[in-house]
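Everything on this sheet refers to the single structure shown next.
Hydrogens, waters and symmetry mates are skipped; everything else that's a heavy atom, side chains included, is used.
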2 protein chains.
Amino acid sequence: MDKYELKLDQAARAAWLSYVGGRTQDEIASQLGVSRPGVQRLLALARQEGLVKVHIDHPLASCMVMSDAIVQRFGLDFCDVVPADPDASDSDVHYLAVAGAERLARYLDRSEPLTLSLGTGRAIRAMVEALSRLDRPQHRFVSLVGNVARDGSSNRYDGVMVLADKTGAERFLLPAPVVAGSVEEKQALQGQRLFQAVAEVARQAEAAFIGIGRIDRRATLFQDHFISETELEELLALEAVGELLGWPMNQAGEVIDCSITRRVTSLPLEALGDQSLVALAGGHDKGPAILSSLQGGWLKGLVTDERAARHIIESCRL
Amino acid sequence: MDKYELKLDQAARAAWLSYVGGRTQDEIASQLGVSRPGVQRLLALARQEGLVKVHIDHPLASCMVMSDAIVQRFGLDFCDVVPADPDASDSDVHYLAVAGAERLARYLDRSEPLTLSLGTGRAIRAMVEALSRLDRPQHRFVSLVGNVARDGSSNRYDGVMVLADKTGAERFLLPAPVVAGSVEEKQALQGQRLFQAVAEVARQAEAAFIGIGRIDRRATLFQDHFISETELEELLALEAVGELLGWPMNQAGEVIDCSITRRVTSLPLEALGDQSLVALAGGHDKGPAILSSLQGGWLKGLVTDERAARHIIESCRL
DNA sequence: TCGCTCGATGATCAAATGATCGAACAAAAA
DNA sequence: TTTTTGTTCGATCATTTGATCATCGAGCGA
């Protein structure tokens, strides 16, 4: 695939001329010696491959106010609030992903070895995809959540693989379902040497980037068949509103002890006590779940959007 | 000017939707409740104010090769080679400025107090203008070159002011012309308490970002009347090919001792010995001047373009 | 060697964008 | 109150961009 490299090179050059230099596609075409549609294709490639990173360098006043309020109220280290796109669906995580990637890049920039743990979810996955390629073979990435479903298929929202590919770092995946079929199965899983080794690496991580899940009929946990309908009903009856790493919690952010909790294989949240736990979640519907995680005092950092931030602020004010 | 702030806010929002979200101007218009041309104006404003930062995240193979060669040959810490735009004039420093700003940002990111010194020139000026706004009141910036011309007017290419404004940092300007009228004047200037105080701060700087000047009829030093035509002739007769901070040097990078040198008020290059000296210069015509600075071993880092890099590589190979 | 398939290329057109210009509006002065 | 001046806004048009489609040529098997 040397040909492809060459093409990317040219695409990067076209992108320079277009985005940094502000040339028109016609000018670029004559410079690179290709037709105008050729430039078109190069630029499309450059964007698709994530070669072009755009950063809007202005703190939106409304977002800043909410961000500050949340940092104050919940004692966070930081809170990024990205503007919401009223037209985009609630599940459009692109804006979050870009902002999250910038936070993540700050950690990765370091040249000393770093161990970082990741949760799963669309937001986390999109975040690592939005990240720049960056050579950091000294780092290690480890998943905090089992990455196989009950049917044995791998979790398509796992970010560790992509991130390790982009950086050339070592990767550690948790070979388990999020929720085991029974307490015995969980114990058997956790007894495995491999599982324990990965968990140990996870405990050494300095920081964790995780998603926040809702608990309702549209919960990822339910939709991706990590829990059954009966189990969902059980959680709802116990007033669960959100989950971190599969641990369901109530409005106050307390982990709910129930038949499901006893079968969750993820690392216990307490084990991450000294890590910087950074959550990535947005959309108005996720407001209650995010609020719950904040109330529980689990988080050190939050990347969210205007919609969720507004919900949080308004709920606090009561 | 609160109205203006509001406008910038909206411009930033429009830029988010357009650049990060990829919406069309029509969609943005209906969301922000303005007309399509209104969005047009907002986006133009956002770009003009430098709210939109674009980064092409791909190492161009040809540039990387030259960069590595230069780092190796001259023992630099780094060398960034940006692609040249064949259509842009040799004096277009925009690409250099963007790359330089990224290097500069790495220093500024630090939260501990930092003292940084700056030379002058269009490239340096453009670099600080390309930089993101960033709150760093703990830093200090100091100019290494006198920033008044013989007629008493201030140097329009001084970057310290702009940089200090953008960061809220302290600023130290050297209250002197680059080249004094006479040796006595130079000594009088350097005897001033203010001058000595600023020079002392400059000596404490950790790193310096400077330009590289040519010595010919198109030299900034000459065009901006820092030296007269007779003085230029004198320098050319002594085989000067470039200058750093106003210190003229020959092909081997040795500072030339002559009537002009004895009147230059800038800090002596030796005084910066332990600082990281980063130079910013490009264009084919500047090749000899850049090469001379490299030969002299003055630099720790270089940001240049393909044209100059090619000239340097080819000259070395002989 | 011929014919087939697949991928790349350039012509063409619709959509989106940037720029100009005149109208409307507001503020200030007569 | 009227006029003038300066500014903002939106209609319109030229330019640029993105996408489709037909064509061409290289590679591969018969």
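At least one donor-acceptor pair under 3.5 Å links the side chain of A:E306 to the backbone N or O of A:A84. At distances below 3.5 Å, at least one donor-acceptor pair connects side-chain atoms of B:T167 with backbone N or O atoms of B:L163. Here the side chain of B:D26 pairs no donor or acceptor atom with the backbone of B:R36 at under 3.5 angstrom.
The side-chain heavy atoms of B:L108 and B:L131, taken from C-beta on, include a pair separated by under 4.5 Å. No side-chain heavy atom of B:K53 sits less than 4.5 Å from a side-chain heavy atom of A:V54. Counting heavy atoms from C-beta on, the side chains of B:H311 and B:P288 come closer than 4.5 Å.
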Report task. Quick one, give me the B/S/- string for nucleotides 12-19 of chain D, reading 5' to 3', where B means a protein heavy atom under 4.0 Å from the base and S means that only happens at the primed atoms, P, OP1 or OP2. Result -> -----BBB

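Note: CD (A:Q10) to C1' (C:dT9) measures 14 Å, nearest angstrom.
Scanning all heavy atoms of the two residues, the minimum distance from B:V82 to B:A99 falls at CG1-CB, 3.4 Å.
Side-chain contact, A:R136 with A:Y107: no donor N or O sits under 3.5 Å from an acceptor N or O.
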Collect all protein-nucleotide pairs involving nucleotides 21-27 of chain D in which both atoms are nitrogen or oxygen and the distance is under 3.5 Å.
none

